[in-house]
Amino acid sequence: PPTSAADLKSTDRPLIAVGVRRRPQEKPVKILVLIELKDLKMLSIDTTRKLSFNRSISNGDLVIVYERHDNMKAVTVSEGSVLQNRFGVFKHSDWIGKSFGSKVFSNKGGFVYLLAPTPELWTLVLSHRTQILYIADISFVVMYLEIVPGCVVLESGTGSGSLSTSLARAVAPTGHVYTFDFHEQRAGSARDDFERIGLSSLVTVGVRDIQGEGFPEEFSGLADAVFLDLPQPWLAIPSAAKMLRHDGTLCSFSPCIEQVQRSCETMQSNFTDIRTFEVLLRTYEVREGKTESKEINGNGSNGSLPCKRRQCSDGANVLSYPNSSVMARPSGEARGHTGYLTFARCLS
Amino acid sequence: MSSSENNNNKLRSSRMTTWEGCSVLLDINDGDRLVFARLSPAAKLKIGNKNCSLQPLIGCPFGTVFQLDTSSDKGPFLSPLQPQGNINKTEEIKDSQSQAESKDGQLNGESKDNRSLIDNNTAQSLTGEDIEDMRRQGAKGNEIIEALIAKSATFDKKTSFSQFLELLTGQPFLDLVLVSEWIELKLMISVQEKYRLKKQKKHAPKVLIRRPVARSICEAYFKKYPLKIGFLQVDTLSLLLSMANVSSNSDILVVDMVGGLLTGAMAERLGGTGFVCNSYPGQAPSMDIVRIFNLSDEICKRIVRSSISDLLSQKESPQQNPNDVGSVESQSNDQMCASISMEETSHSSENVISDLGAENNTFPALRACKAIKAGKKASQEIIDSWKENGFSSLIIAAPDLDTLTLVKDLLPLLSNSAPFAIYHQYLQPLATCMHNLQLEKMAIGLQITEPWLREYQVLPSRTHPFMQMSAFGGYILSGTKICSSC
């Protein structure tokens with residue numbers, strides 16, 4: 001492996017160099033960590049990284065560890081590391097070379113599944129620095145903003161990057177997402193996340209107060225779509241109008257109806273087709289129900305069905321037919337209101 | 001990178017303006033009528049009882065509004081309307097009763113309720129005799145009414161409708177002529193506006209050019225001809241695309257029995273990379289709707305077809321020369337084209353476009369017939385590569401086929417850890433399918449979801465969900481395929 005800068009230049013393999021500083025008391029030591037450029041881990045833009053029967057998990061890959069449908073976490077595979085949970089201890093080295101979608105076992109015989117990351121799974125496992133958007137809103141936004149590969153999308157605020165991930169998927173490989181957050185630390189965490197899931201070439205995070213300053217002038221007339229998730233979106237709407245090309249789309253997400261009213265009012269000047277929606281998901285549970293239908297004093301005319309005949313104490317005959325059927329019912333719990341989505345088209 | 005950026009920008013800007021031969025969605029009179037059309041110099045649109053050429057629409061930006069201009073001697077033609085600031089007024093007028101309320105409400109800025117009204121018939125101090133006096137002196141109807149209002153202690157506190165009732169019931173001497181004059185002046189302002197709008201729609205209809213994309217096509221069909229798309233609502237469609245991780249460079253398997261809407265939407269999201277393999281048992285289904293999407297050649301090439309039996313067959317079929325198969329296909333397609341275009345020309349000499357849901361609902365685009373670009377039969381080479389690597393994901397929207405057998409057949413074709421999403425209008429088939437997949441451990445993360453979409457009217461002091469809503473958008477079963485042999 002290369003040990004000096006000269007060696008770095010001579011190799012033609014793509015690599016990332018990272019500097020690490022030790023604890024403050026000690027003399028800072030720079031360590032060059034060379035990793036193969038596992039660009040675009042989540043999106044199969046690089047065809048060699050595409051999901052395939054022939055592709056197996058390698059060191060440095062991001063995997064989604066699936067314990068249960070409501071219990072998953074994102075883990076970067078690293079030789080020598082382990083994952084510890086209630087099922088036991090899992091060695092990462094056991095994972096390397098296995099196919100995505102495999103079942104892997106712990107030292108205690110418990111198991112988990114290793115899934116390939118997708119924006120949907122990422123939304124469920126990412127660390128929440130802010131309240132995030134979920135699949136119902138995300139999928140509707142991407143469709144309604146008419147985002148396709150090649151689009152330029154502006155977003156504010158970035159939050160935890162849940163929507164940004166799906167926006168990146170929609171614009172890949174030739175488009176770009178410029179996302180802004182006024183909180184420097186959160187913007188930094190988002191940047192790190194995008195790096196981790198391999199989206200850095202598609203998403204640029206900026207630190208900027210969009211409500212106060214608007215979007216940067218350089219994007220004027222270039223945006224195909226603008227998404228706002230701000231406490232006072234009406235302050236940013238005029239700027240959004242400048243950014244959008246003619247017939248470009250705008251979406252504003254607000255939890256409160258008062259915010260929606262004020263936003264719609266502000267949109268009247270530069271936008272048309274202003275529509276507000278809410279979208280919710282209801283999930284269903286399925287189970288096999290075993291029931292018995294009893295026929296009292298029947299004569300067994302349902303001859304084809306197996307049945308038991310029993311004599312009751314009062315002399316009546318009871319025929320019981322065991323049934324098993326798959327039944328579905330709505331789940332008791334649901335993710336309720338998240339926010340209202342207001343869409344509009346730009347008239348510039 | 002910059003040259004591809006340039007190409008990208010050119011592509012994007014060309015998508016924003018209409019061109020000869022492109023398909024458009026014509027939104028006539030704010031959604032009253034939705035028509036898909038292909039723009040050509042000969043294309044015509046029938047509005048009311050007039051036929052207009054669509055020629056002026058060629059070369060205009062999408063989003064332009066046209067109005068029927070009957071001033072010229074040459075006949076009615078469509079001319080672009082200058083955008084005004086009050087475009088959104090139509091929404092206000094729709095809600096006519098509250099419109100009248102708001103006019104009053106806005107004048108004095110207070111909201112009205114009935115807390116201070118006392119019903120003891122003492123509110124009106126102008127007597128019947130006073131009214132007769134006024135009439136003898138030649139006072140006009142509205143003057144009398146204004147006087148009544150001025151003398152009423154409670155009148156202002158009421159909403160317009162209640163005001164009308166008070167006039168009718170509180171004054172036995174008041175005849176209907178008087179009241180109707182008042183009504184005409186005050187309350188009917190909103191009705192007049194509605195009337196004006198109605199006449200305007202008939203004699204000076206507005207035509208808005210919308211870009212046909214997944215959203216607009218799905219909404220138009222759902223509104224006018226939902227059967228053709230299996231009642232697939234736009235939020236459900238968007239969920240299918242997300243849940244199946246539809247993105248560039250993916251090879252996605254789809255069973256599309258919803259007219260091609262799903263295939264077109266997927267191809268749009270792929271943007272010219274990867275493949276959409278439209279698969280089917282038996283006969284290939286219609287893919288009419290794909291043609292409405294204005295997909296570029298690059299994207300169209302990515303839509304291919306293959307029967308399920310071809311995908312599942314073990315043999316490599318070396319004897320078949322893929323070129324022969326391809327040319328036979330395109331020959332038969334050309335013949336089909338030719339026969340349909342002959343039908344078209346004999347059918348209507350004026351090439352008038354038919355509305356969605358009208359009896360003749362075949363898209364009359366085949367006039368300018370080249371070989372059908374989208375939906376070519378998948379070459380053996382590609383099928384082999386899919387067998388080698390597996391598909392990235394699977395979407396099924398096939399209400400008439402048995403879900404469980406279909407899924408069992410197709411799931412082995414997916415790569416491991418590939419997501420899938422199945423749409424159905426009925427819950428039971430999905431429940432049975434989910435249960436089986438769980439028992440046989442073919443997939444994890446299985447979930448049946450029902451999306452619920454509701455639109456809101458947002459107006460000052462009149463914000464509420466729309467009275468009418470779609471109750472139902474279908475069910476989706478989603479999950480991730482797991483590696484069964486590991």
Exercise for the section: Using non-hydrogen atoms and a 4.5 Å limit, figure out which bit of A:Arg282 sits close to chain B: side chain, backbone, both or neither. Expected result: both

Problem - Backbone N/O of B:Phe62 and side chain of A:His246: donor-acceptor pair under 3.5 Å - result: yes

Problem - Whether A:Tyr66 side chain and B:Gly445 backbone form a donor-acceptor pair below 3.5 Å - result: yes

Handout entry: Which portion of B:Leu427 sits near chain A, non-hydrogen atoms under 4.5 angstrom
Key = side chain

Exercise for the section: Indicate whether any N or O donor in one side chain lies under 3.5 Å from an N or O acceptor in the other, for B:Gln447 and A:His69. Expected result: no

Problem - chain A contact via B:Tyr475 - which portion, at a heavy-atom distance below 4.5 Å - result: side chain

Practice task
Check each atom of B:Leu414 against the heavy atoms of chain A and say whether the ones under 4.5 Å are side chain, backbone, both or neither.
Solution key: backbone

Practice task
Could you tell me whether the side chains of A:Arg55 and B:Asn389 share a donor-acceptor contact shorter than 3.5 Å?
Solution key: no

Handout entry: Side chain, backbone, both or neither of A:Ile257 within contact of chain B (heavy atoms, under 4.5 Å)
Key = side chain

Practice task
Consider only side-chain N and O atoms of B:Asn245 and A:Thr118, and report whether a donor and an acceptor are under 3.5 Å apart.
Solution key: no

Practice task
Would you mind checking which part of A:Ile147 comes under 4.5 Å of any heavy atom in chain B, side chain (CB onward), backbone (N, CA, C, O), both or neither?
Solution key: backbone

Practice task
Name the region of A:Tyr144, side chain, backbone, both or neither, that has any atom closer than 4.5 Å to a heavy atom of chain B.
Solution key: both

Problem - Heavy-atom proximity to chain B below 4.5 Å, by part of A:Glu120 - result: side chain

Problem - Any donor-acceptor pair under 3.5 Å from B:Ser238 side chain to A:Met143 backbone - result: no

Practice task
Answer with side chain, backbone, both or neither: which region of B:Leu240 has an atom nearer than 4.5 Å to a non-hydrogen atom of chain A?
Solution key: neither

Handout entry: chain A contact via B:Gln428 - which portion, at a heavy-atom distance below 4.5 Å
Key = side chain

Completion exercise
Given A:Leu281, A:Leu121, A:Val279, the one with more heavy-atom pairs under 4.5 angstrom with chain B than any other is A:Leu281

Completion exercise
The interface call for B:Val234 against chain A, heavy-atom contacts under 4.5 Å, is both

Exercise for the section: Establish, from distance only, whether the side-chain atoms of A:Gln261 and B:Tyr456 form a donor-acceptor pair under 3.5 Å. Expected result: no

Problem - Backbone N/O of A:Glu146 and side chain of B:Glu268: donor-acceptor pair under 3.5 Å - result: no

